[in-house]
There are 2 protein chains.
Amino acid sequence: MSEKEPVLEQCDYMHLHENVIEQVQEEMPEEEILYDLAELFKVFGDSTRIKILYVLFQSEMCVCDIAQLLNMSQSAISHQLRVLKQAQLVKYRREGKTVFYSLADAHVNTILNQGLEHIEE
Amino acid sequence: MSEKEPVLEQCDYMHLHENVIEQVQEEMPEEEILYDLAELFKVFGDSTRIKILYVLFQSEMCVCDIAQLLNMSQSAISHQLRVLKQAQLVKYRREGKTVFYSLADAHVNTILNQGLEHIEE
DNA sequence: CATTCATATGAATAATTGTTCATATATTTA
DNA sequence: TAAATATATGAACAATTATTCATATGAATG
C-alpha cells in the first residue's frame, strides 16, 4: 500500500522571486473582502441594472416609471431594485403607495464612468 | 367578441415630468454600450478573476505561478485568463514555453479601488 | 524526432441568475 | 371595510457560467 503523493499539478519551479510572493500575500485583501468585491461587481454585471442606475442618475424615480422608461415589467424591475438595494447602490423613500428610488452615493457614477472609459478604448 | 385592451401593466400616470423623460432618453448611452458595460463588469464579478487581477497588480506572472499563488488548478486559471484577455483587462507575452500575463491598463486598478471604497463604507 | 514542460481548450456538470407568472403586502380612497 | 393602485416576493424555468477532467497545442531540449 504505497502512499502516493497527491498530484500537485505545479510547474517545476516558480518564476517569481520570494519577495514578490511575500508582497502579494501582504498586499492581497482578505478573502472575504475579495468575495464582497466580486459580489459588488456582479451587481453591475447586468444591463438591466446598469440601465436602472443610469436613469436614476437623472432623477429619483418610482418603480413604475422605471419600468415604463425601460419597457420592462414592474416585477422584473422590482426584483432588480432589490438586488441594487442589497448592494447599497440605491436607496428609497416611500410616499403613499409610491416608492421612490435614487442612487445611494457617488461611487456608482465613478465606477460606471471608469467602465465606460475602458470600453471606449 | 369584445376586444380587450392588452394589459400594459403600467401605472395610471407617470410621476416624471416630460423634460426628465426627454433628458433620460438623451443622456442614456446606446443599448450596445450598456450591454458592453455590463459585460465588462461581469468580468469583475468573480472572485477568482478579482484575485488574478490583484496578483497581477503586484507583478507580471506566468499562468503556473498564479495557479500556485491562488492554490487553484492550471486549467481553471487559464480559462479565467482567457476571459480577462477577451475583456482586454490583461495582456500577455510569450517567453519560450512560458506565457507571462500582466494588467492591460490603469482602469483596472481604478475600478477595483472604487469598488473597495464602496464596500468599505 | 520523441519527450517534457507550460499553456490552452472542449465537453460535461453543478451552481447561479434574470425573467415571468401568480399572488401577497401596503397604502389610499370610496 | 372593500376596492383600487403601487410594489414586493416566491416558485419555476431557461440561460449562463465556473470548475474539472481529459486532451490538444506549442516550444524547448535531449
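Labels below follow one simple rule: chain letters A, B, ... track the order of the sequence lines, proteins then strands, and each chain is numbered from 1.
Stacking of A:H79 onto the six-membered ring of C:dT19 is not present when judged by under 5.5 angstrom between centres and under 30° between planes.
For B:R82, no side-chain nitrogen or oxygen approaches OP1 or OP2 of C:dT7 to under 4.0 Å. Of the side-chain N and O atoms in B:T48, one or more sit less than 4.0 angstrom from OP1 or OP2 of D:dT19. A:S73 has a side-chain polar atom (N or O) that falls below the 4.0 Å cut-off from OP1 or OP2 of C:dT20. In this model, the phosphate group of C:dA8 is approached by a side-chain N or O of B:Y101 to a distance below 4.0 Å at OP1 or OP2.
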Item checked: Chi angles and distances behind the side-chain contact (heavy atoms from CB on, under 4.5 Å) call for A:L34, A:M28 -> CA-CA 9 Å; A:L34 294 170; A:M28 191 76 136; 4.1 Å; yes
Item checked: B:I66 and B:M72: CA distance, side-chain angles, deciding distance, side-chain contact (heavy atoms from CB on, under 4.5 Å) verdict -> CA-CA 8 Å; B:I66 299 173; B:M72 293 186 64; over 6 Å; no
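Whole-Å rounding puts the B:F44 CZ to D:dT17 C1' distance at 18 Å. What separates CE of A:M72 from C1' of D:dA6 is a distance of 18 Å, to the nearest Å. Between the CZ atom of B:R93 and the P atom of D:dG26 there is a distance of 20 Å, rounded to whole Å. Rounding to whole angstrom units, OH of residue A:Y35 and P of D:dA18 are separated by 13 Å. Rounded to whole Å, atom P of C:dT28 lies 12 Å from atom OH of B:Y13. Distance B:I52 CD1 to C:dT7 P: 13 Å, rounded to the nearest Å. If you take CG of B:L81 and C1' of D:dT19, they are 14 Å apart, rounded to a whole angstrom. One interatomic measurement links the two molecules: CE of B:M61 to P of C:dA6, which rounds to 17 Å at whole-angstrom precision.
Rounding to the nearest 0.5 Å places OH of A:Y92 at 5.0 Å from NZ of A:K85. For the atom pair OG1 of B:T98 and CZ of B:R94, the computed distance is 8.5 Å after rounding to the nearest 0.5 Å.
At a threshold of 4.0 angstrom between heavy atoms, the contacts of B:S78 include nucleobase atoms, whether or not backbone atoms are also involved.
Of the candidates D:dA8, D:dT9, D:dC21, D:dA8 carries the atom nearest the A:Q74 side chain, counting heavy atoms from C-beta on. Listed nucleotides D:dT19, D:dA8, D:dT9 differ in distance to A:S75; the shortest reach to its side chain belongs to D:dT9. In this structure, the nucleotide among D:dT7, C:dT7, C:dT19 sitting nearest to the side chain of A:A76 is C:dT19.
Nucleotides of DNA chain C nearest to A:R94 and A:K42 differ in position, and the one nearer the 5' end is that of A:K42. Taking the nucleotide of DNA chain D with the nearest heavy atom to each of B:G45 and B:E95, the more 5' of the two is matched to B:G45. Place A:K97 and A:Q80 on DNA chain C by their nearest nucleotides, and A:Q80 ends up nearer the 5' end.
The side-chain contact (heavy atoms from CB on, under 4.5 Å) with B:S59 is formed by just one residue from the set A:N19, A:V24, A:V20; it is A:V20.
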